[in-house]
Amino acid sequence: MTRWNKILIVLAVILAALYFLSFTKSCSSKDSREKIKTSLVNQKYKDSITSFELEDATGAIKITNRGSFWTVGTLPASSERMHSFINNLIKIRNLYKISDKINKNSALGLTTGTEFHLRYNTQDTSHELIFGNQDFSLSSRYMMTEKTTQVYEIDSSLDSFLTTSIQSWAEPLIISQLVFGKITPDDIQRTTVLNQNHISSISDLQKLLDLRHGGTPGEEEVLSIFQNNQNPEATITLELGNKKEIELKIYPSKNENEFILIAEYKPEKGSNPVFTSISKISSWTYNKIKENTL
């Protein structure tokens with residue numbers, strides 16, 4: 001064996017030893033951050049939360065507990081999404097404390113105006129969680145509470161809920177399956193469609209129940225409808241077997257591709273509504289309604 005071969009073998013052995021030593025050290029090292037196992041919202045508040053307030057740089061929304069269902073703006077909120085949201089807030093998770101103090105111009109995104117505020121209220125209390133930027137790996141997010149300046153890292157499982165988009169929270173159907181509970185075609189005893197003095201009925205109830213809205217219209221347009229006592233372009237009345245009534249009123253919008261839909265849920269025919277939802281629908285959806293009349 002030549003002298004150079006011996007040198008190369010010795011170097012290879014040294015490098016291999018260094019590699020295994022570094023690997024062993026990496027595996028045996030522990031995360032130096034302080035870990036706290038806790039929930040973001042105490043489970044005792046699960047059934048007593050009256051509302052959530054969500055706010056970021058793009059706007060703010062309020063989600064209100066109506067007892068049997070939640071509302072966001074003028075629409076019922078998705079029960080599945082609210083169930084998942086609350087369960088995520090009350091589950092026990094790992095928080096990692098990374099700082100005892102937040103600097104005003106910190107890159108953590110907690111004081112720059114881009115932070116996300118999540119407030120939850122009960123009859124007697126109000127609490128706030130503040131979420132900042134993601135970390136460099138995009139797997140965690142910085143957060144703090146209103147009670148302390150301490151900053152924590154949290155996993156990304158809540159990220160999909162950090163939005164003030166009403167459509168991401170609202171029940172998507174034009175006829176709610178929450179206000180009066182689940183409604184099937186068999187529950188509807190009679191339909192009446194009044195369109196420009198022409199009276200007809202719905203030919204396929206399931207198609208009507210499957211239609212979706214496109215979020216909420218502008219406040220000024222809605223206010224104008226009520227202030228001017230504007231007549232709807234079409235009115236659809238659904239009479240249920242339990243004597244409850246749902247009335248859908250469709251109004252033209254400033255946007256020629258949209259219409260405004262006001263749905264009133266009445267405990268019995270001719271009574272005052274117990275809930276009124278206001279949404280916008282596309283011209284495509286309105287055409288589907290018109291195609292579905294006899």
Side-chain angles (χ1 to χ4, degrees), residues 40-41 49-89 113-121 126 128-131 141 157-181 183 208-226 232 246-265 273-286 288-289:
L40 298 182
V41 174
I49 296 174
T50 56
S51 66
F52 291 97
E53 297 172 43
L54 310 180
E55 182 181 359
D56 62 12
T58 65
I61 60 173
K62 185 174 183 178
I63 306 174
T64 304
N65 188 347
R66 294 287 297 253
S68 58
F69 63 99
W70 294 80
T71 60
V72 53
T74 59
L75 294 170
S78 165
S79 59
E80 293 83 4
R81 185 162 173 80
M82 291 306 300
H83 178 77
S84 178
F85 178 48
I86 293 171
N87 281 342
N88 260 279
L89 290 173
T114 60
E115 67 272 12
F116 190 95
H117 297 264
L118 190 165
R119 304 178 188 93
Y120 60 98
N121 308 299
S126 181
E128 182 176 23
L129 303 171
I130 304 167
F131 298 87
R141 187 175 294 278
S157 60
L158 269 174
D159 279 11
S160 64
F161 300 105
L162 304 184
T163 174
T164 57
S165 165
I166 285 182
Q167 269 189 277
S168 71
W169 292 98
E171 179 192 22
L173 302 172
I174 66 171
I175 298 175
S176 175
Q177 296 287 311
L178 298 171
V179 178
F180 283 159
I183 299 172
L208 179 67
L209 292 171
D210 289 339
L211 290 176
R212 300 184 170 218
H213 61 72
T216 54
E219 292 183 10
E220 290 185 4
E221 270 199 288
V222 175
L223 188 61
S224 175
I225 289 173
F226 289 108
I246 302 172
E247 191 170 66
L248 311 177
K249 298 177 181 178
I250 302 172
Y251 298 86
S253 169
K254 291 179 181 179
N255 185 336
E256 62 181 11
N257 295 317
E258 291 179 350
F259 291 82
I260 296 173
L261 173 65
I262 298 178
E264 296 182 341
Y265 296 81
V274 294
F275 181 73
T276 300
S277 69
I278 304 175
S279 61
K280 60 184 179 182
I281 59 174
S282 65
S283 55
W284 180 91
T285 299
Y286 185 36
K288 288 296 178 183
I289 293 174

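Predicted, not measured: the structure shown is a model, and the values here were computed from it.
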Novice: Does any non-hydrogen side-chain atom of L261 lie less than 4.5 Å from one of L248?
Specialist: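 In short, these two side chains touch, coming nearer than 4.5 Å.
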
Novice: Please list, chain by chain and in numerical order, all residues satisfying side chain to side chain donor-acceptor pair (under 3.5 Å) with E115, sequence neighbours excluded.
Specialist: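 Per chain and number, E115 pairs via side chain to side chain donor-acceptor pair (under 3.5 Å) with H117.
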
Novice: Looking only at heavy atoms, which two atoms of F259 and S282 are closest? And how far apart?
Specialist: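 What the structure gives for the nearest pair is CD1-O, 4.4 Å.
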
Novice: Can you give me the closest heavy-atom contact between V179 and F275, atom names plus distance?
Specialist: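 The answer is CG2-CD2, 3.7 Å.
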
Novice: Is E53 close to N121 at the side-chain level, that is, under 4.5 Å between some pair of heavy atoms?
Specialist: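 Contact flag for N121/E53 side chains = yes.
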
Novice: Go through the steps to decide whether I262 and T74 satisfy the test side-chain contact (heavy atoms from CB on, under 4.5 Å), and finish with yes or no.
Specialist: CA-CA 10 Å; I262 298 178; T74 59; over 6 Å; no

Novice: Hey, could you give me each pair passing side chain to side chain donor-acceptor pair (under 3.5 Å) that has a residue in residues 158-179? Not counting sequence neighbours.
Specialist: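 Every side chain to side chain donor-acceptor pair (under 3.5 Å) pair that includes a residue of residues 158-179, provided the two are not neighbours, is D56-T164, T58-T164, Q134-D159, R141-D159, E171-S176.
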
Novice: Measuring only between side-chain heavy atoms, which start at C-beta, is L158 closer than 4.5 Å to L40?
Specialist: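 Counting from C-beta outward, L158 and L40 do come under 4.5 Å.
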
Novice: Please find the pair of heavy atoms, one from A263 and one from I174, that lie closest to each other, and give the distance.
Specialist: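 Residues A263 and I174, closest heavy atoms: CB-O, 4.5 Å.
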
Novice: Side chains of residues 60-73: which donor-acceptor pairs under 3.5 Å do they make with residues two or more places apart or in other chains?
Specialist:
residue : atom : partner : partner atom : Å
N65     : OD1  : G67     : N            : 2.8
N65     : ND2  : I49     : O            : 3.1
R66     : NH2  : V274    : O            : 3.2

Novice: So I278 and I260, side-chain contact (heavy atoms from CB on, under 4.5 Å) or not? Walk me through it.
Specialist: CA-CA 7 Å; I278 304 175; I260 296 173; 4.3 Å; yes

Novice: Please test I246 against I183 for side-chain contact (heavy atoms from CB on, under 4.5 Å), starting from the C-alpha separation and ending with a verdict.
Specialist: CA-CA 11 Å; I246 302 172; I183 299 172; 3.5 Å; yes

Novice: Can you tell me how the ring of F52 sits relative to the ring of Y120, calling it parallel under 30°, perpendicular over 60° and tilted otherwise?
Specialist: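 Taking Y120 first and then F52, their aromatic rings sit tilted (interplane angle of 30° to 60°).
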
Novice: Which residues pass the side-chain contact (heavy atoms from CB on, under 4.5 Å) test with K249, not counting sequence neighbours?
Specialist: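 Scan of K249 (side-chain contact (heavy atoms from CB on, under 4.5 Å), adjacent residues dropped) gives P232, T235, E247, Y251, E264.
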
Novice: Write out all pairs satisfying side chain to side chain donor-acceptor pair (under 3.5 Å) with one or both partners inside residues 211-220, taking only residues at least two apart or from two chains.
Specialist: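 Listed once each, the pairs would be none.
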
Novice: Using the side chain to side chain donor-acceptor pair (under 3.5 Å) criterion, which residues pair with Y286? Sequence neighbours excluded.
Specialist: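 By the side chain to side chain donor-acceptor pair (under 3.5 Å) rule, Y286 matches E233.
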
Novice: Nearest 0.5 Å, please: how far is CG in L89 from CG in L129?
Specialist: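 Output value for this atom pair is 7.0 Å.
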
Novice: I'd like to check the side-chain contact (heavy atoms from CB on, under 4.5 Å) partners of S84; sequence neighbours left out, ordered by chain and number.
Specialist: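 Listed in chain order: N88, F161.
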
Novice: Only counting residues at least two apart or in another chain, list the ones meeting salt bridge (charged side-chain N to carboxylate O under 4.0 Å, His left out) with K254.
Specialist: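 Scan of K254 (salt bridge (charged side-chain N to carboxylate O under 4.0 Å, His left out), adjacent residues dropped) gives none.
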
Novice: I'd like to check the side chain to side chain donor-acceptor pair (under 3.5 Å) partners of S253; sequence neighbours left out, ordered by chain and number.
Specialist: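 For S253 the side chain to side chain donor-acceptor pair (under 3.5 Å) partners, ignoring immediate neighbours, are E221.
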
Novice: Minimum heavy-atom separation for V222 and P217, please, with both atom names.
Specialist: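 For V222 versus P217, the nearest heavy atoms are CG2-CG, 3.5 Å.
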
Novice: In chain order, what residues pass the side chain to side chain donor-acceptor pair (under 3.5 Å) check against D210, with sequence neighbours excluded?
Specialist: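 Scan of D210 (side chain to side chain donor-acceptor pair (under 3.5 Å), adjacent residues dropped) gives Q206.
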
Novice: Check whether any side-chain heavy atom of I289 sits under 4.5 Å from a side-chain heavy atom of L211, and report yes or no.
Specialist: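 Touching, per the 4.5 Å side-chain cut-off.
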
Novice: Tell me every residue that passes ring pair (Phe, Tyr, Trp, His ring centres under 6.0 Å) with F116, counting only those two or more places apart in sequence or in another chain.
Specialist: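 In terms of ring pair (Phe, Tyr, Trp, His ring centres under 6.0 Å), with neighbours along the sequence ignored, F116 is linked to no residue.
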
Novice: Could you name each residue pair satisfying salt bridge (Lys or Arg N to Asp or Glu O under 4.0 Å) that touches residues 72-85, not counting sequence neighbours?
Specialist: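 Qualifying pairs, neighbours excluded: none.
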
Novice: Can you name the closest pair of heavy atoms from G113 and A57 and give their distance?
Specialist: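 That closest heavy-atom pairing would be O-CB, 3.6 Å.
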
Novice: Rounded to the nearest 0.5 Å, what separation is found between the CG atom of L75 and the OG atom of S279?
Specialist: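 L75 CG to S279 OG: 5.5 Å, rounded to 0.5 Å.
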
